[in-house]
2 protein chains.
Amino acid sequence: MSAERSVTIKDVAAHAAVSVATVSAVMNENKYVSPELAQRVRASIAALGYKRNNFARGLKTQVSHSIGLVIPDIMNPFYTNIARGVEDVTHTHNYSLIIGNTDEDPEKEKKYLHLLDSKQADGLIIAVTDHSFEYLQELPLQNLALVGIDRSLIELGIDTVLVNNTVGTRTAIEHLIGLGHRRIGLVTGARGITPTEERLVGYTEALEKHGIAVDPALIATARARVDGGERGAHQLLTLEDRPTALFLMDGTMVIGAMRAIAQLGLRCPEEIALICFDDFAWAPVMRPHLTVVDQPTYEIGKQAAHLLFERLQHQERAPREVRLQTRFIVRESCGSHLRSPDALSRFHA
Amino acid sequence: MSAERSVTIKDVAAHAAVSVATVSAVMNENKYVSPELAQRVRASIAALGYKRNNFARGLKTQVSHSIGLVIPDIMNPFYTNIARGVEDVTHTHNYSLIIGNTDEDPEKEKKYLHLLDSKQADGLIIAVTDHSFEYLQELPLQNLALVGIDRSLIELGIDTVLVNNTVGTRTAIEHLIGLGHRRIGLVTGARGITPTEERLVGYTEALEKHGIAVDPALIATARARVDGGERGAHQLLTLEDRPTALFLMDGTMVIGAMRAIAQLGLRCPEEIALICFDDFAWAPVMRPHLTVVDQPTYEIGKQAAHLLFERLQHQERAPREVRLQTRFIVRESCGSHLRSPDALSRFHA
DNA sequence: CTGAAAGCGCTAACAA
DNA sequence: TTGTTAGCGCTTTCAG
């Protein structure tokens, strides 16, 4: 069973009665070809249903017209949106997008990096699992353009796009403080990665600005998944002196937190206020409607892809770090509307 | 700026003082090579940091070790999970996964098909946008193994994996009927695609079985997105003789439906019962907790990928259609717990 | 303006 | 058991 010999550039040349060089020239539009010939060639291509072989092309040019996206988990809505953003611009460039989930496992990450490298991907957008800085540098990925997302890689001279985590967090925490909260619990994801550390800074800054001491007991570290959020929230909510508000670092964790709250028979926001990073379609349809620090996820992906294609053109351009703004969306879970009719009406507007 | 000439198999051969054929043989393990030589070759590979050029390899072998996944939208959790399932098995095969979103646009779909074809993807998993049957056949995709998901392609001799839509829907509708509902509204996605049509059959069967006439006014067709769900639900709920229950065909639409319900000031499930296809992490954290027809989405992706890799091995195997079972999960939005303490306790168990 | 021909790096006959 | 070599299909000088 062998598929019939697929049609090659030679066949097209023969059919159009020109040389292969001419066929190549019309396809690449990089040489003058008389209109008549060009026309004949195009007709032959259509007639034969010819499609250029990407292997042969790549072998010659060393470009694959594909880029990779390496992220922890596509099922996390944060990354899903990013992926969509990346994919949309990739598509407009007629490139293809290869996706790899690392599950925050450095080994898996390394494997993907090598896989994409051997596939001769032209570039890579990556949310590194931890500050694997040296590791990334050591990798023999010389020909691979890189763009980091979510975790800053600018110190490595790698283009990066992320959000202003510090400000986003500080704003939310100050809002809570303004509502009278003094014991504010924080459930973080993995330590050491940019978003966690920067948000921790925002948290600390907000507290200190208002003369509130940071209580380490109020900071739980957990897996950035539903179960992690549940565990982290549970841990904090079963403290003798439990917090009156909780800040979750991601949109999956907050689902776990709500489970923990329900399980402990607490009422949100009356007994425990709740704010989290990431907005999503169902946030407004949860009870209570979630107050969130929204990240422009789709835009992150888009910008990262733009940066990547830019670098593909201009290898030598200086590395850039793009900081996108978060948006604080007050709904109900922070308890604003309990004290301030204003906030509530703003939401319902 | 030219990256230094990358090391080739020739360099390795020279370094190890053997022929290129030997180097190739040890890498592919398809020929006997004496342990000493093999050792030497491996050492040279490591020493030189040699990585096989995928273009050259593919040009020769015509296999790319990559497959494509063409879906309407990765942001729909249904497809997100499928993608993850596909990706996981792709990864174990050391293949890479190329993703394309069609947005249900046949042109975009066609473009992706061609892109993947020209990239010489070894196979493709696809959720076709509509019954583009002839279209798919006409495509000169001879060398591309295909697997359909969600939409049945078995009549085209293409492996397919989907769920038992008819049974899933019938069960849910009968549950509603058992609860006393007689006017049950249906918000469908695009007509003509397998899931829509099969669920329509399930709906009809359930009604007819209980001697209830199908009222066309109770069936709304809409875009399978949040906004479509909202519009469709709104349309049905503003009928003079509005339904007492709503069945939504997908997990994004139901969010829209809940918005419509809230906007119309209706209480769910007291005034309007609600059931939808697809379960998701946040379904249990919505108020009311959503009663759903769960689809094993991750498993669909996994099975589809398995089918694809199987076909890659055995081109001639007869096409198969895999039907996975849905699971009816009673929570609160159907109103069961209002009438039946049993159902409620079952949920809380 | 068009064509001939030399590889790109690898695999797999075929020889030795 | 190992090596020689002919392409895979395309791009791109370089001649004409």
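Scope of the values below: all heavy atoms of this structure, side chains included, with no hydrogens, waters or symmetry mates. Residue numbering restarts at 1 for every chain, and letters A, B, ... go by the order of the sequence lines.
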Legend entry - Parallel, tilted or perpendicular: ring planes of A:F309 versus A:Y95, cut at 30 and 60 degrees: perpendicular

Inset, instruction - Can you tell me the distance, in whole Å, between the NZ atom of B:K10 and the P atom of C:dC10? - result: 10 Å

Inset, instruction - Examine C:dT11: is either OP1 or OP2 under 4.0 Å from a nitrogen or oxygen in the side chain of B:N28? Give yes or no. - result: yes

Inset, instruction - Give a yes/no answer on whether the side chain of B:N30 brings an N or O atom under 4.0 Å of OP1 or OP2 in C:dT11. - result: no

Inset, instruction - Could you tell me whether A:D117 and A:K110 make a salt bridge, using a distance below 4.0 angstrom between a side-chain N and a carboxylate O? - result: no

Inset, instruction - Would you mind classifying the nucleic acid contact of A:V33 as base, sugar-phosphate or nothing, using non-hydrogen atoms under 4.0 angstrom? - result: sugar-phosphate

Inset, instruction - Check whether any side-chain nitrogen or oxygen of B:R52 sits under 4.0 Å from OP1 or OP2 of C:dC10, and answer yes or no. - result: no

Inset, instruction - Round to a whole Å and report the spacing from CD of B:Q120 to P of D:dC8. - result: 15 Å

Inset, instruction - Using a heavy-atom cut-off of under 4.0 Å over every strand shown, decide if A:V18 touches base, sugar-phosphate, or nothing. - result: sugar-phosphate

Inset, instruction - Starting from C1' on D:dT2, measure out to OH on B:Y32 and report it in whole angstrom. - result: 12 Å

Inset, instruction - Please tell me which of B:K60 and B:L37 maps to the more 5' nucleotide of DNA chain D, matching each residue to the nucleotide holding its nearest heavy atom. - result: B:L37

Legend entry - Presence of salt bridge, A:D103 and B:R84, under 4.0 angstrom: yes

Inset, instruction - Looking only at side-chain atoms of A:T22, point me to the closest of D:dG9, C:dT11, C:dT2. - result: C:dT2

Legend entry - Greater than 12 external heavy atoms within 6.0 Å of A:K302's NZ: no

Legend entry - Salt bridge flag under 4.0 Å for residues B:E109 and B:K111: no

Legend entry - Gap between atoms CZ and P, on B:R57 and C:dC10 respectively (whole Å): 10 Å

Legend entry - Between P of D:dG9 and CD1 of A:I45, the distance in whole Å: 16 Å

Legend entry - Rounded distance in Å - CG (A:L59) to P (D:dT11): 11 Å

Legend entry - A:A21 side-chain proximity, nearest of C:dA4, D:dG3, C:dT11: C:dA4

Legend entry - Rounded interatomic separation in angstrom, taking CD from B:Q62 and C1' from D:dC10: 12 Å

Inset, instruction - Please check the phosphate of C:dT2 (OP1 and OP2 only) for any side-chain N or O of A:S19 closer than 4.0 Å. - result: no

Inset, instruction - Can you tell me the distance, in whole Å, between the CG atom of A:N54 and the C1' atom of C:dC8? - result: 14 Å

Legend entry - base_contact_polar (D:dG3 base, B:K31 side chain, donor-acceptor, <3.5 Å): yes

Inset, instruction - Respond yes when some side-chain nitrogen or oxygen of B:S34 is under 4.0 Å from OP1 or OP2 of D:dT1, and no when none is. - result: no

Inset, instruction - Taking only the side-chain nitrogens and oxygens of A:S24, find out if one of them lies under 4.0 Å from OP1 or OP2 of D:dT11. - result: yes

